[in-house]
Novice: 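One structure is given below, represented as C-alpha cells, and several questions about it will come after.
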Amino acid sequence: MAAFPLNVISMVENVLHKYDERLDQRLDERLSDTHFASRKAKEASLRRNEAAKWLRNMVGTVGGRDLPAEPSEEDFMAALRNGIILCSALNKIQPGAVPKVVEAPSDADVLPDGKALSVYQYFENVRNFLVALERLGLPTFETSDLEQGGISSRVVNCILALKSYNEGKLITNGLWRYGGNVRASNLIKPVMSKDPEPLKESFSSANSDPSHEHCEEVRHLSGDPMSSLNTLVHEFFRDKKQEDIPALIESFLGKVMEEFQNRMLIQQETVCFTLDFNLLSATSCTALKIHTYDRSIIKMVDNEDVEAKQEKCDNVKYNAGEEKERIQLLKQQQLVEQHKESIQELKSMVYQTKTGMEFLQKKHQEEIIHLGKQLHSIASAASGYQRILEENRKLYNQVQDLKGNIRVYCRVRPCHHNQTSVSNIDEGSISLIIPSKNGKDGKKTFTFNRCFGPNVTQAEVFADTQPLIRSVLDGYNVCIFAYGQTGSGKTHTMSGPNNPTEETVGVNYRALRDLFLISEQRKDTIHYDIRVQMLEIYNETVRDLLSTDEIRNSSLNGINVPDANLVPVQSTADVLSLMDLGFKNRAVSATAMNDRSSRSHSCLTVHVHGKDLTSGKTIRGSIHLVDLAGSERVDKSEVTGDRLKEAQHINKSLAALGDVISSLAQKQQHIPYRNSKLTQLLQDSLGGQAKTLMFVHIAPEQDALVESISTLKFAERVSTIELGAAKVNKDSADVKELKEQIANLKAALAQKDEEAEQFQHPPSSKSDLPVLKSQLSSTTVSSKSGSRKIPRDDSASSLEV
Ligand SMILES: Nc1ncnc2c1ncn2[C@@H]1O[C@H](COP(=O)(O)OP(=O)(O)OP(=O)(O)O)[C@@H](O)[C@H]1O
C-alpha cells in the first residue's frame, strides 16, 4: 500500500489535467476568435521567455552555447533537447539529483554521424532529468515533447514549476511544498503528468513499480513537499482492502474534481468578466495571478517575515503594472481594430452610395431620354394639331366656297391714341368693350372668317386672299372690297400707305403680281390676255379713271361698265403706272377727319381672258378690287356745301349696298341693285356666282365705337349672304363655234349691206337692217377692242359711264 500515493497523485493530476483540458476546450469554444488565439500565443511566448531567462540565470553558458534570452519555440526546444541545460539547472537546485550528466562533445569528439551521439545524450540526460523531477514530485513531460511537433508548453510548465520549486525552497528554507494551496502555478495551469493512462492501469503499474519505496525514501530525506499529501493518502489507504481501493480513489477524485470545478468556475467567471471589457485572456491570467499571489502572500504571512512579504508585494505590483500596460496596449489595439472596422464599414457605405448614385444617374438619364421622346411626340402631336386646325380652316373655307357665302375678314388698324374699344381679337372673332351707364362695361363679340389685329402685316393679310387670285386665272369672278368708316384703313389694306414699300404694299399690288406670276407659269399651256379697268363712283356718277379723254361707250366686255377703258397690261409695272394715273384722276379732297380720305368709291378691275393652247377652250375671269368711300356721320365730319353733298351720296350708296345685302340675306325675290351705282357695279360679285371677300375695317378708338358697332353688324349680315357656288366662265368648243359662225354671218351681212348700198341708191330695203342688227347686237364683238357683248340678265343692266 505504501507504494500507491505517488501514483495516485499522478492519477489525480491526470484526471485534473483531462478535466482542465475539457474546461479549456469549452472556454476556447466560447472565446474562439483570432484575438484570443494570438493572445494565447503571446502568453505562451512570455512564459517561454520567463523559463529561458531563469535557465540562463541558473546555468549560464553550457557547452559553449548560450540559450537565447527570448528564443523562438523551435530554438528553445533545440537548446533543451540534449538535456544538459535541464540537468545542470536541476543539479543546481537539488545537487546530485541527476548523478551523471553526459556533457556535450567537443568539436573533436563529434562523430561523423553526429546525430547518433545527440540521440544518446538526449535519451540519457532527459530521461535522468525526468526521473529526478518525478522523484521531486514535480510535473514532467514526455521526451517526445522536445521533438518537433511536441507539446512545448509542457516543457515550459515543467521548467516554471522547477523555478517555483527553487523560489519556494529559497523562501521557505527548504520547507516549500509543491502542490496544495501554495502551488500558485497549479492554479493557473494544472500540473501535467507524462502518463495519462486509465486509472486501473495506473494502479497496476504503480503496484509493479519497484522504485516506489525508494521514491518515498527520497521524499522524506529531501523534505519533499508532496510528502504530506503522500502521507495523507498513505494513511487513508493503509487499512483499506485492495479491492476497495479503486472505488475509494474514485470517490476521492470526485471530491478533488468538485473542488477543482469550483476553482475553474472562478477562473471562468473572471475570463467572462474580462471578455465583457474585450480584454480577453491577458486580463484573466493577470487577475488570476494577482489573486493567487495575494492568496500566497496571505498564507505566507503567518510563517514569513515582513521583508519577504514586501519583496513579493513588489513583484506582484511590478507584474500588475506590466499587465496594466499590456491591457492598455490591447485596448488601443482594439480601438484601432474598431476604427479599422468603422473605416471598412464607411468604405462599403461610400461604395454602396456611389453605386446607388450611379444607378440613379443612369435611371435619370433614361428618364430624360424617355421624356425627350415624349416631348418630341407631344411636339409633333402639337404641330399635327396646328396642321389640323389649318386644315379645318381650309375645309371651312371650302364649305363656304361651296355654299357661296361672302367671306368677311375684319381688320383693326393701330389705335391713334391710348383708349381702345377693342378688348380682344383672336383668329375668328373680335370683342368690343361696350361701356354702360352703371359703370359695368359690357362686351360684344363678332365672328368672322378671319380677324386681323393692329400688328398684322400686309403680307399676312394677303396670305388668306392669295387662293382667290388663282381662281381668277381659273375662270372665276372675284370681288375684294374694303368697307369701313372713313379713316379706318381701307386704302391702307387695298393700296398700302403713301409711297409703299415691298412690305407695306397692299392687296391690289400683291394680287396683280400673283396674277402675272401664275400666268407666266402657265404660259406654255394657256395664253392669258389681261386688261385693266379703273373706275370711280363719285356723287352717283361712274367715271373712267384711265381716260383723260372723253369716255367712249362702245366696248361690251361682259362687265357692268362696258364703255370704260380696258387697257391691256403685260406686267405688274404696267398696272402700277395705270394705277398711278387712276389715283391722280380720282377725286380726293381733304376733310376734317381724314385728309387722305377719298370721296368716291374706287374700283380697279382686272379682266383675264385665257385660251388653252391645246384644246382651244377659253376662260374668262375678273377681279374687282374695290376701295369704298368711307362712311361717316355727317354731323361729325363738319362738312358743308359740296363736301356735304359728297357725304350724302356716299352714305346713300352704302345704304343701298346694305339694302341689297339684307335682301340677299333674306333671300328676297327682288334685289334692289339699281338703287345705286355702287350696287350695280358690284352686282355680279354680290348676287352672282362669284367669290367675294369683304375686308371690314375698324377704327379702334373709343369715339369711333358707334360706327365700329354698326360696321361690324353690317359685316356680320354680309357674311350670311349665300351667293351660291361659284362657277367658271368657260366657253365650250360648240359655243365657240357658234360664236364664230355668228361673226362670219355678221361679216357676210355687213358685206351684203355694202353691196346692196352700192347697187341701190338709195337703198329701198334699208328698214330690214336695223331689225337684223338689233337681233345681233347682243352678240357683236367689237373688232377694235376685241371684246364681246354677252347676253345679260335684265337685272344686270350695264352702267352708263
Ligand atoms: N393697318 C394699318 N397699319 C398702319 N397704319 C394704318 C393701318 N390702317 C390704316 N392706317 C393709317 O391710318 C390712316 C387712315 O387710313 P386710310 O386712309 O387707309 O383709311 P380709309 O378707311 O381709306 O379712309 P377714307 O375712307 O377716308 O378713305 C392712314 O394714315 C393709314 O396709313
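As the structure lists them, so they are numbered: ligands from 1, and atoms in each ligand from 1.
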Novice: Where the closest heavy atom to atom 30 (C) of ligand 1 is concerned, which of His416, Gln485, His492 has it?
Specialist: His492

Novice: Begin with the C-alpha distance, continue with both residues' side-chain angles, and end with the deciding distance and a verdict on side chain to side chain contact (heavy atoms under 4.5 Å, CB included) for Val718 and Tyr483.
Specialist: CA-CA 11 Å; Val718 170; Tyr483 181 88; over 6 Å; no

Novice: Please report whether ligand 1 has a polar contact with Pro497, defined as an N or O pair separated by less than 3.5 Å (distance criterion only).
Specialist: no

Novice: Between Pro414 and ligand 1, which residue portion shows a heavy-atom distance shorter than 4.0 Å: side chain, backbone, both, or neither?
Specialist: side chain

Novice: Determine, step by step, whether Asp474 and Ile619 satisfy the side chain to side chain contact (heavy atoms under 4.5 Å, CB included) criterion, reporting the C-alpha distance in whole Å, the side-chain angles of both residues, the deciding distance to 0.1 Å, and the verdict.
Specialist: CA-CA 7 Å; Asp474 291 336; Ile619 47 169; 5.7 Å; no

Novice: What pair of heavy atoms forms the shortest contact from Asn565 to Asp544, and how long is it?
Specialist: N-OD2, 2.5 Å

Novice: For Gln485 and Ser488, test the side chains for any donor-to-acceptor distance below 3.5 angstrom and give the result as yes or no.
Specialist: no

Novice: Is the closest heavy-atom distance from Arg411 to ligand 1 below 4.0 Å?
Specialist: yes

Novice: Which atoms of ligand 1 sit under 4.0 Å from any heavy atom of Gly630?
Specialist: 25 (O)

Novice: Could you list the atoms of ligand 1 found under 4.0 angstrom from a heavy atom of Thr491?
Specialist: 18 (O), 20 (P), 22 (O), 27 (O)

Novice: How far apart are the closest heavy atoms of Ala482 and Met494, and which atoms are they?
Specialist: CB-CG, 3.6 Å

Novice: Verify whether one side chain among Asp580 and Ser577 offers a donor that lies under 3.5 Å from an acceptor in the other.
Specialist: no

Novice: Any nitrogen or oxygen of Thr486, main chain or side chain, under 3.5 Å from a nitrogen or oxygen of ligand 1?
Specialist: yes

